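Here's the structure, in structure tokens; my notes come after.
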There are 2 protein chains.
Amino acid sequence: MAEGLPIAIYSANSRFMSRASDTAYEKIRSFILYGEARPGMQLTEERLCEIAGVSRTPVRDAVQRLENEMLVVRSASKRLSVADWSDDEIDEMFALRAMLECHAAERAARRMDENGLDRLRKVNGDLTRAVQLATPDITGFLEANRQFHDLILEYAQSPRLSKLLPALVEQPVVRRTANQYSGDDLIQSAKDHDELIAAFAAGDKDWAGAVMTSHIRRAFHSFHLATRGSETP
Amino acid sequence: MAEGLPIAIYSANSRFMSRASDTAYEKIRSFILYGEARPGMQLTEERLCEIAGVSRTPVRDAVQRLENEMLVVRSASKRLSVADWSDDEIDEMFALRAMLECHAAERAARRMDENGLDRLRKVNGDLTRAVQLATPDITGFLEANRQFHDLILEYAQSPRLSKLLPALVEQPVVRRTANQYSGDDLIQSAKDHDELIAAFAAGDKDWAGAVMTSHIRRAFHSFHLATRGSETP
DNA sequence: CGGACGATAATTGTATGCAATATATGAAGG
DNA sequence: CCTTCATATATTGCATACAATTATCGTCCG
């Protein structure tokens with residue numbers, strides 16, 4: 001049922017997901033993002049229990065988390081359904097994400113150290129190799145990309161940001177964007193990361209913020225072009 | 001135990017709070033914000049049950065919500081305690097809030113209508129009357145202020161923002177700031193709101209965003225001055 | 001034929017008991 | 001006196017039964 005795609009998004013709370021509520025969270029999330037769930041589809045707690053293989057208590061726990069990420073929505077009468085994002089809501093996600101990632105990059109620029117730079121370089125090395133293949137390794141790109149942004153969030157040292165940002169980075173959107181990328185687009189991403197590293201090395205927060213903003217907004221326009229053609233946002 | 005201070009913050013999810021989990025949320029929240037809770041103090045679910053007067057199930061529900069607002073934190077071993085915000089975290093709250101409220105104002109400016117303007121004018125009329133008294137009515141100011149910002153959030157028409165912003169507007173911080181305001185500061189707030197209304201009426205999103213940003217940042221500096229003296233942030 | 005009403009079924013909300021896990025206590029050994 | 005390990009205690013996690021709420025559907029009446 002649930003595929004083995006990279007599930008975790010920005011955020012260090014992967015843990016060992018031993019807890020039933022954690023497995024419920026992962027399984028339901030996969031069901032929604034990569035499974036047979038469809039936007040607007042109704043979900044009952046009992047059905048989710050079957051999917052997750054646990055009882056209602058951990059399922060309710062997981063659902064509340066998913067509600068916060070707005071992957072599921074609750075009607076006035078407390079019934080659950082799979083979220084159905086409007087174009088405006090997706091645009092809004094990119095806009096908010098651009099603001100917050102810019103802010104994260106600015107903070108990280110002030111707090112970066114040699115060890116952090118080394119780790120960023122190593123991760124972006126992996127990313128660069130993945131995109132320079134004759135047929136780019138999208139999964140490898142996504143994983144390295146996630147690690148890169150996670151690392152920046154780590155150096156931003158802001159618990160608030162670490163809580164807010166992950167909910168704005170929905171992997172399916174990232175994935176659809178990445179699949180639409182041309183080889184050149186992917187290589188440009190790697191170059192953006194190189195420039196970010198340079199900005200961090202220089203301790204220039206405005207530079208870092210600006211690069212990050214354009215990095216996200218380019219992704220936004222790729223997504224826009226791929227999913228909605230050439231209407232101007 | 002829990003005082004009768006205004007509890008709800010920006011957000012339309014006040015409902016009728018009939019559910020046990022809702023009353024648990026309110027009671028625990030009041031205990032933390034206005035009660036005898038102290039930063040860092042450990043909280044057990046059982047203790048919270050006594051405070052809320054309900055069983056552990058709704059308490060756990062409420063705790064998860066409070067965890068999202070970062071009013072309570074969970075240790076590595078899953079134990080709960082009252083959050084203890086550092087100066088940096090509070091500064092960060094103001095910074096993020098300024099960005100998001102600016103964004104909300106920009107969106108609202110594009111979507112404002114005559115009815116919304118009327119409602120804003122009415123609420124700011126209440127606010128103005130409250131602050132022009134010989135001894136300003138702080139509670140009245142806070143309530144009208146909350147309504148004013150709620151209304152903007154309503155007109156921003158962004159479910160994401162409506163979910164993210166409330167967690168950044170903790171009433172105790174607002175309250176401490178307001179108590180430090182001089183009469184002139186309070187009147188300046190009312191004037192900011194007037195200017196916001198003018199920007200909305202003109203449909204000028206950049207104007208609205210700029211006024212909102214300076215509005216929040218002024219509050220930030222008042223708070224800073226009141227709580228940490230004159231060190232520059 | 002359509003709409004209000006009431007009985008029934010489906011769904012979510014709450015309490016509670018037990019299981020799993022983490023912490024505290026204290027005795028034994030170095 | 002300090003450390004180590006085993007046992008006891010405290011705390012959280014999970015499953016389940018039952019209560020409360022909401023939707024569904026058929027019936028009656030206009």
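Just so we're on the same page: letters track the sequence lines, and every chain starts at 1. Because the structure is a prediction, the values reported are computed rather than measured.
- Smallest separation of non-hydrogen atoms from B:Ile152 and B:Leu120: CG1-CD2, 4.3 Å.
- Once you apply a 4.0 Å limit to the heavy atoms of chain B, the touched nucleotides of DNA chain D run 5' to 3' over D:dT11 to D:dT21.
- Distance, B:Arg19 CZ to C:dT14 C1': 11 Å, rounded to whole Å.
- Nearest heavy-atom pair, B:Ser158 versus A:Glu92, reported as atom, atom and distance to 0.1 Å: OG-OE2, 2.8 Å.
- B:Leu48 comes within 4.0 angstrom of no nucleic acid atom, judged by non-hydrogen atoms across all strands.
- Heavy atoms of B:Thr44 sit under 4.0 angstrom from primed sugar atoms or phosphate atoms, though from no base atom.
- At least one donor-acceptor pair under 3.5 Å links the side chain of A:Asp113 to the backbone N or O of A:Gly116.
- Nucleic acid contact class of B:Ser77 (heavy atoms, under 4.0 Å, all strands): sugar-phosphate only.
- Rounded to whole Å, atom C1' of C:dT12 lies 6 Å from atom CZ of A:Arg60.
- Atom CG of A:Asp61 and atom P of C:dT14 are 14 Å apart (whole Å).
- Look at CZ on A:Arg79: it is 7 Å from P on C:dT11, rounded to the nearest Å.
- Between the side chains of A:Ser86 and A:Glu89, at least one donor N or O sits under 3.5 Å from an acceptor N or O.
- Shortest non-hydrogen contact noted between B:Ala24 and B:Pro58 is CB-O, 4.2 Å.
- Scanning DNA chain D for stems, defined as runs of 3 or more consecutive Watson-Crick or G-U wobble pairs whose donor-acceptor distances all fall under 3.5 Å, gives the following ranges: C:1-30 with D:1-30.
- The aromatic rings of A:His224 and A:Phe220 sit perpendicular, their planes meeting at an angle over 60°, well past the 30° parallel limit.
- Residues A:Asp61 and A:Tyr25 bring no donor and acceptor atom of their side chains to less than 3.5 Å of each other.
- We find that CD of B:Gln42 is positioned 9 Å from P of C:dT23, with the value rounded to whole Å.
- Under the 4.0 Å criterion applied to side-chain N and carboxylate O atoms, B:Arg47 and B:Glu50 are assigned as salt-bridge partners.
- Distance, B:Glu45 CD to C:dT14 C1': 15 Å, rounded to whole Å.
- C:dA22 atom P lies 19 Å from atom CD of B:Glu46, rounded to whole Å.
- Atom CZ in B:Arg56 sits roughly 12 Å away from atom P in C:dT16 (whole-Å rounding).
- Under the 30°/60° scheme for interplanar angles, the aromatic rings of A:Phe223 and A:Phe94 are found to be tilted.
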